[in-house]
Amino acid sequence: MPELVFFCGTMDCGKSTLALQIEHNRSARGLQGMIFSRDDRAGEGKLSSRLGLVTDAVEVGDGQDLYGYLVDHLSQGGRADYVIADEAQFLAPEQIDQLARVVDDLSLDVYAFGITTDFRSKLFPGSQRLVELADRVEVLQVEALCWCGARATHNARTIGGVMVVEGAQVVVGDVTHSADEVGYEVLCRRHHRRRMTSASARAGALSPDVLPIASA
Ligand SMILES: Nc1ncnc2c1ncn2[C@@H]1O[C@H](COP(=O)(O)OP(=O)(O)O)[C@@H](O)[C@H]1O
Ligand SMILES: Cc1cn([C@H]2C[C@H](O)[C@@H](COP(=O)(O)O)O2)c(=O)[nH]c1=O
């Protein structure tokens, strides 16, 4: 039976790498995938992994009907044996419904990849719909780690390494810490709740407040 599978995890846990591996394994057996992506860091119409691999993809636009796109593609003689949708958190809930319809009405497997929650630990609408509709939700097994060594479960947005909690839900970026730019850092829940990034933990460790008091 064809399935809608949601592969999820924090940023930087290998979702796009897995998407590219699934694509590679199927295309090596002569199958042809329809690859959707949206706002990939590598640019429009790309699906890229931090391991350096990249492939072309159909850039999904606002309000684009993904089911209609596939029906048009197939009726014009195009081929699609399965569907991959990366950065699926950026898709609208209606587009997730369209992907479910691709599974049910076109009998194609759909593999969606994305982060579940944003920098405020709130579900992205697209990810919420995936959790509601997917036949299977798979949490990636290569866990990203918080600076403390615990499994990272949350995504923090940072500016100059300091965690921020205000701002637009969507800001494309990477797990970096340049001085003024928006970056991201994966944290365990405890340190996300305490807004403690690696930079603020380091600063705290160096603060005179926590240095041992010299005995008189
Ligand atoms: N230089 C490297 N050597 C080995 N693995 C790496 C290297 N750089 C990144 N990775 C792996 O790639 C993962 C990120 O992969 P990617 O598919 O881009 O993540 P995601 O799509 O989940 O954000 C990292 O968690 C790490 O396991
Ligand atoms: C937490 C969070 C992330 N984003 C953006 C940042 C990246 O461009 C993508 C995630 O990509 P990855 O391949 O999983 O690293 O999402 C965002 O826009 N808003 C957020 O709150």
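Order of listing sets the numbers, starting from 1, for every ligand and every atom in it. Heavy-atom basis, side chains included; hydrogens, waters and symmetry copies ignored. For reference, positions follow the sequence shown, starting with 1.
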query: What do you reckon, is CZ of Arg193 surrounded by more than 12 foreign heavy atoms closer than 6.0 Å?
result: no
query: Are any of the side-chain heavy atoms of Leu20 and Leu47 separated by less than 4.5 Å?
result: yes
query: Got an N/O contact under 3.5 Å between Thr117 and ligand 2?
result: no
- prompt: Any N or O on Phe90 sitting closer than 3.5 Å to an N or O of ligand 2?
  reply: no
field: Arg38/Asp62 salt bridge by N-O under 4.0 Å criterion
entry: yes
- request: Using a 4.5 Å cut-off on heavy atoms from C-beta on, say whether the side chain of Asp56 contacts that of Lys46.
  value: yes
query: Any protein heavy atom sitting closer than 4.0 Å to atom 14 (C) of ligand 1?
result: yes
- prompt: Between Arg120 and ligand 2, which residue portion shows a heavy-atom distance shorter than 4.0 Å: side chain, backbone, both, or neither?
  reply: neither
- prompt: Does an N or O anywhere in Asn155 fall below 3.5 Å from an N or O of ligand 2?
  reply: no
query: Purely on distance, is any nitrogen or oxygen of Asp118 under 3.5 Å from one on ligand 2?
result: no
query: Do the side-chain N and O atoms of Glu94 and Gln98 include a donor-acceptor pair separated by under 3.5 angstrom?
result: no
query: Can you tell me which residue and heavy atom of the protein come closest to atom 27 (O) of ligand 1, and the distance to 0.1 Å?
result: Val142 CG1, 4.3 Å
query: Does a side-chain heavy-atom distance below 4.5 Å link Thr116 with Leu123?
result: yes
- request: Would you mind telling me if ligand 2 is within reach of the side chain of Phe124, the backbone, both or neither, using heavy atoms under 4.0 Å?
  value: side chain
Single-linkage hydrophobic cluster Val175~Val162, side-chain heavy atoms < 4.5 angstrom: no
task: Output the list of atoms in ligand 2 that are nearer than 4.0 Å to some heavy atom of Arg157, sorted by atom number.
output: 19 (N), 20 (C), 21 (O)
field: Sub-4.0 Å atoms of ligand 2 with respect to non-hydrogen atoms of Val171
entry: 4 (N), 5 (C), 6 (C), 17 (C), 18 (O)
statement: min-distance protein heavy atom vs atom 18 (O) of ligand 1 -> Arg50 N, 2.8 Å
query: When only distance counts, is Ser48 in polar contact with ligand 1, meaning an N/O pair under 3.5 Å?
result: no
- prompt: Which of these, Val58, Val83, Val102, Leu91, sits in a side-chain contact (heavy atoms from CB on, under 4.5 Å) with Leu66?
  reply: Leu91
Distance filter under 4.0 Å to Gly173 heavy atoms, resulting ligand 2 atoms: 6 (C), 7 (C), 8 (O)
field: Shortest protein contact, atom 12 (P) of ligand 2 (heavy atom only)
entry: Arg41 NH1, 3.6 Å
task: Check ligand 2 against Arg50 and write out every atom of the ligand that is under 4.0 Å from a heavy-atom position of the residue.
output: 15 (O)
message: Distance under 4.0 Å to a non-hydrogen atom of Phe119: what atoms of ligand 2 satisfy this?
response: 1 (C), 20 (C), 21 (O)
- prompt: Backbone or side chain, does any N or O of Val170 fall under 3.5 Å from an N or O of ligand 2?
  reply: no
- line: Under 4.0 Å from one or more heavy atoms of Met11, ligand 2 contributes atoms 3 (C), 6 (C), 7 (C), 10 (C), 14 (O), 15 (O)
message: Could you tell me, atom by atom, which parts of ligand 2 come under 4.0 Å of a heavy atom of Gln169?
response: 17 (C), 18 (O), 19 (N), 20 (C), 21 (O)
field: Contact check: Gly14 vs ligand 1, nitrogen or oxygen atoms, below 3.5 angstrom
entry: yes
task: Any atoms of ligand 1 less than 4.0 Å from a non-hydrogen atom of Thr17? List them with their elements.
output: 15 (O), 16 (P), 17 (O)
statement: Here the gap from Leu18 atom CG to Phe113 atom CZ, rounded to the nearest 0.5 Å, amounts to 4.5 Å
task: Would you mind telling me if ligand 1 is within reach of the side chain of Leu51, the backbone, both or neither, using heavy atoms under 4.0 Å?
output: side chain
message: Looking only at distances, can you tell me whether any N or O atom of Arg41, backbone or side chain, sits closer than 3.5 Å to an N or O atom of ligand 1?
response: no
query: Counting only heavy atoms not in His73, do more than 12 sit closer than 6.0 Å to its NE2 atom?
result: yes
- request: Kindly check if the number of other-residue, nucleotide or ligand heavy atoms within 6.0 Å of CZ (Arg50) is above 12?
  value: yes
query: Do Glu23 and Gln21 meet the criterion of a side-chain donor-acceptor pair at a distance under 3.5 Å?
result: no
- prompt: Just which atoms of ligand 2 are under 4.0 Å from any heavy atom in Val172?
  reply: 8 (O)
query: Is the closest N or O pair between Cys13 and ligand 1 shorter than 3.5 Å?
result: yes
query: Looking at atom 1 (N) of ligand 1, is any protein heavy atom nearer than 4.0 Å to it?
result: no
query: How far is atom 25 (O) of ligand 1 from its nearest protein heavy atom, and which residue and atom is that?
result: Asp12 O, 2.4 Å
Heavy-atom check, side chain of Cys8 versus side chain of Ser127, under 4.5 Å: no
task: Would you mind checking which non-hydrogen protein atom is closest to atom 2 (C) of ligand 2, with the distance to 0.1 Å?
output: Tyr184 CE2, 3.3 Å
Given Leu130, Ile22, Asp86, the one that forms side-chain contact (heavy atoms from CB on, under 4.5 Å) with Phe7: Ile22
- prompt: Heavy atoms only: which of Arg38, Glu87, Lys15 is nearest to atom 13 (O) of ligand 2?
  reply: Glu87
- prompt: Just wondering, are more than 12 heavy atoms of other shown residues or ligands nearer than 6.0 Å to CZ in Arg195?
  reply: no
message: Below 30° counts as parallel, above 60° as perpendicular, anything between as tilted: where do the rings of Phe90 and Phe124 land?
response: perpendicular
message: I'd like to check Tyr67 versus Asp105 (side-chain heavy atoms, cut-off strictly below 4.5 Å). Are they in contact?
response: yes
